[in-house]
Number of protein chains: 2
Amino acid sequence: MKPATTLRPERERCADCLIRHRAVCSHCGPAELEFLDAIKSYRTFKPGEEITAMGQETDFLGSVVNGVVSLSRILADGRRQMVGLLFPSDFIGRPMRAQAPFDAIAVTDVKLCIFSRPRFEALLRDTPSLESRLLEMTLDELDAARDWMVLLGRKTAREKMASFFLLVARRLAAVARAELRDGVELELPLTREDMADFLGLTIETVSRQISALRKAGAIELTDARHMRIPDIAALAEIAGDDDDGGMID
Amino acid sequence: MKPATTLRPERERCADCLIRHRAVCSHCGPAELEFLDAIKSYRTFKPGEEITAMGQETDFLGSVVNGVVSLSRILADGRRQMVGLLFPSDFIGRPMRAQAPFDAIAVTDVKLCIFSRPRFEALLRDTPSLESRLLEMTLDELDAARDWMVLLGRKTAREKMASFFLLVARRLAAVARAELRDGVELELPLTREDMADFLGLTIETVSRQISALRKAGAIELTDARHMRIPDIAALAEIAGDDDDGGMID
DNA sequence: CCCGGCAGTTGACCTAGGTCAATGACCGAT
DNA sequence: ATCGGTCATTGACCTAGGTCAACTGCCGGG
């Protein structure tokens with residue numbers, strides 16, 4: 001839906017295949033597919049495993065194939081704030097910049113599709129549309145980060161929780177290529193502690209607000225990790241967005 | 001300091017001239033300069049004047065020449081959160097996306113250097129290095145936004161104030177191409193209300209924390225808008241960053 | 001010169017959410 | 001089966017910062 005870029009139409013569309021890991025690439029020819037296979041590799045991480053550490057040089061970039069990755073920063077005294085949450089198809093790592101500006105940690109079992117940094121940079125030179133696509137994705141991330149700033153700075157604990165559930169529901173629906181509808185069931189990928197760090201709260205407050213939302217009928221819990229949203233619009237109402245949509249990458 | 005991009009070296013360096021408004025462009029030839037003059041125009045805004053409104057289509061992009069611009073979002077019930085603060089040389093507007101995701105408001109007298117959207121998009125097609133530079137700037141903004149998320153989610157009111165003063169001091173020093181040193185005097189571009197909205201606080205808390213920092217000797221005030229930082233390191237200590245640097249564009 | 005309005009400060013009070021602590025549920029290891 | 005650990009929930013309490021209100025100083029207009 002956006003203006004197409006210029007050169008190499010035959011490789012152009014692969015930007016998405018590359019950086020969002022659309023593994024099945026129906027519009028690329030055999031030569032392209034072979035090329036992609038040659039430069040991709042995969043790596044898996046266990047829950048809690050560190051993918052990159054703040055300030056450390058990372059020698060790869062890639063995209064999430066399975067699982068959820070948290071991005072967080074820690075203050076000197078141990079206070080932690082999550083600054084992003086990556087779902088399948090999200091990009092990880094920064095072009096042109098080796099040093100990681102935060103910790104990236106696998107919150108579930110994670111599979112990444114990886115390019116070595118030199119290889120990715122070569123790709124960037126050879127594939128003009130890739131840079132354009134990266135720019136667009138980075139702009140989306142920036143929007144998401146700014147939405148989250150509103151949440152962190154101005155929302156109540158209850159609104160934060162509701163926003164978070166909607167965020168997860170939306171992202172998981174997108175991953176499953178399913179529509180988000182009333183009654184969705186979803187598995188929360190984060191522990192209470194991770195949620196607290198994402199929302200700028202404590203685990204006790206997270207726990208209390210979940211109980212309160214459950215009592216109010218806004219959510220239903222089967223166990224601590226599995227929930228159902230009976231009425232999306234009602235929850236969005238509680239989340240308190242004017243337009244709606246607390247997105248974060 | 002970053003890997004150079006490919007085509008058109010003779011126009012390449014002008015990416016900075018264009019999007020960061022380095023008006024004096026010593027490395028461009030007369031043809032380039034004439035070209036730039038032909039497509040630039042300027043617009044000024046009074047304090048409080050709206051530059052773009054959330055959800056509204058904007059027909060221009062550009063960069064700040066003078067003054068300070070706030071980017072903010074407002075919740076349905078009027079709660080406001082500032083999500084960015086633009087100083088001279090910062091870029092405003094989003095390539096490939098006409099709809100503004102927040103309000104942009106002049107907080108001081110502001111002069112913008114402006115390109116019409118179609119013109120900018122033509123420029124983007126013709127100048128490969130421009131996209132690369134935009135990507136880099138967007139990544140910087142994303143970093144800054146994430147730093148601010150840490151502040152909003154995890155810092156105390158006092159830490160927030162100290163971080164804010166350092167942010168302003170750094171940005172103003174950069175604009176003046178001056179080094180940031182102990183004893184800097186600076187004019188606060190924001191009202192107490194704007195600061196509160198930037199930091200996720202109320203004006204009363206902002207006022208109280210300023211008084212407290214003054215009493216503690218961390219800052220000195222001549223009047224409500226003019227201050228001096230006697231000891232940068234001491235203030236940074238109060239700001240509570242591990243590494244430091246709460247940057248936001 | 002006076003008056004009204006706005007920005008800022010300060011005080012008194014209140015409350016959302018943090019802190020601390022006890023308890024329960026659910027492991028996986030012995 | 002038992003133990004130790006992690007995760008979650010809940011209660012009792014406390015405090016940082018929000019709310020409400022009074023007051024000041026400043027500026028611009030009549």
Side-chain angles (χ1 to χ4, degrees), chain A residues 46-49 70 75 77-81 105 107-109 151-165 187-216 219-227 238 240, chain B residues 46-48 70 75 77-81 105 107-108 151-165 187-216 219-227 238 240:
Chain A
K46 292 269 134 218
E49 204 176 334
S70 73
L75 295 176
D77 59 3
R79 282 173 289 174
R80 193 170 86 112
Q81 176 64 50
I105 297 172
V107 300
T108 62
D109 276 301
L151 175 141
L152 291 172
R154 290 301 185 201
K155 288 194 179 178
T156 64
R158 161 172 297 220
E159 290 170 330
K160 286 178 176 182
M161 285 312 310
S163 301
F164 171 74
F165 291 142
E187 182 176 349
L188 295 174
L190 303 188
T191 64
R192 299 294 187 264
E193 183 172 10
D194 285 336
M195 292 185 219
D197 287 340
F198 195 30
L199 298 168
L201 298 172
T202 59
I203 56 173
E204 293 94 332
T205 299
V206 167
S207 193
R208 273 188 258 270
Q209 292 301 332
I210 289 178
S211 298
L213 287 173
R214 187 166 47 69
K215 272 171 205 143
I219 59 172
E220 292 161 19
L221 288 192
T222 56
D223 64 65
R225 293 298 262 270
H226 292 84
M227 57 175 289
I238 295 172
Chain B
K46 292 268 136 220
S70 74
L75 295 176
D77 59 3
R79 282 174 289 176
R80 192 170 88 111
Q81 175 64 49
I105 297 173
V107 300
T108 62
L151 175 141
L152 291 171
R154 291 301 186 200
K155 288 194 179 178
T156 64
R158 159 172 298 220
E159 290 169 329
K160 285 178 176 182
M161 286 311 310
S163 302
F164 171 73
F165 291 143
E187 181 176 349
L188 295 173
L190 304 189
T191 64
R192 300 293 187 262
E193 183 172 10
D194 284 337
M195 292 185 219
D197 286 341
F198 195 31
L199 297 168
L201 298 171
T202 60
I203 56 173
E204 293 94 332
T205 299
V206 166
S207 192
R208 274 188 257 270
Q209 292 300 331
I210 289 178
S211 299
L213 286 173
R214 188 167 46 68
K215 272 172 205 144
I219 59 173
E220 292 160 20
L221 288 192
T222 57
D223 65 63
R225 293 298 262 271
H226 293 84
M227 57 177 287
I238 294 172

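In what follows, chains are A, B, ... by sequence order, proteins preceding strands, each numbered from 1. Worth knowing before you read on, the calculation uses all heavy atoms, side chains too, and leaves out hydrogens, waters and symmetry mates.
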**Complete:** Between Gly200(A) and Lys215(B), whichever has its closest DNA chain C nucleotide further toward 5' is Lys215(B)
**Asked** What does the inter-axis angle of the helix from dC1(C)-dG30(D) to dT30(C)-dA1(D) come out as, five pairs per end, nearest 10 degrees?
**Response** 30°
**Complete:** Closest non-hydrogen atoms of Ile219(A) and Ile210(A), given as atom of the first, atom of the second and distance, are CD1-O, 3.9 Å
**Request:** Kindly indicate, with the supporting measurements, whether the criterion side chain to side chain contact (heavy atoms under 4.5 Å, CB included) is fulfilled by Met227(B) and Glu187(B).
**Result:** CA-CA 6 Å; Met227(B) 57 177 287; Glu187(B) 181 176 349; over 6 Å; no
**Complete:** Hits for side-chain hydrogen bond (donor to acceptor under 3.5 Å, both in side chains) against Arg80(B), two or more places apart or cross-chain, chain-then-number order -> Ser72(B), Asp194(B), Asp197(B)
**salt bridge (Lys or Arg N to Asp or Glu O under 4.0 Å) involving Arg79(B) - partner list, sequence neighbours excluded** = Glu159(A), Asp77(B)
**Complete:** Those residues at least two apart in sequence (or on a different chain) that pass side chain to side chain contact (heavy atoms under 4.5 Å, CB included) with Ala224(B) are Arg192(B)
**Non-neighbouring partners of Glu220(A) that pass side-chain hydrogen bond (donor to acceptor under 3.5 Å, both in side chains), sequence neighbours left out** = Arg228(A)
**Request:** Please work out if Leu201(B) contacts a base, only the sugar-phosphate, or nothing of the nucleic acid, heavy-atom cut-off 4.0 Å.
**Result:** sugar-phosphate
**Message:** For Lys46(A), give me all partners under salt bridge (Lys or Arg N to Asp or Glu O under 4.0 Å), at least two apart in sequence or on another chain.
**Reply:** Asp109(A)
**Request:** Could you tell me whether Ser207(B) contacts a base, only the sugar-phosphate backbone, or nothing, with contacts defined as non-hydrogen atoms closer than 4.0 Å?
**Result:** base
With the criterion being N/O to N/O and under 3.5 Å, what pairs connect the protein with nucleotides 20-25 of chain D, and how long is each?
| unit_1 | atom_1 | unit_2 | atom_2 | d |
| --- | --- | --- | --- | --- |
| dC20(D) | N4 | Glu204(B) | OE2 | 3.1 |

**Request:** Could you tell me from which nucleotide to which nucleotide of DNA chain C, 5' to 3', there is an atom under 4.0 Å from chain B heavy atoms?
**Result:** dG8(C) to dA12(C)
**Item:** Those residues that, when tested against Arg158(B), pass side chain to side chain contact (heavy atoms under 4.5 Å, CB included) (two or more places apart)
**Value:** Thr156(B), Gln209(B), Ala212(B), Leu213(B), Ile238(B)
**Residue list, side-chain hydrogen bond (donor to acceptor under 3.5 Å, both in side chains) with Ser207(B), at least two apart or on another chain** = none
**Asked** Mind checking what makes ring-ring contact (aromatic ring centres under 6.0 Å, His included) contact with Phe165(A), not counting sequence neighbours?
**Response** none
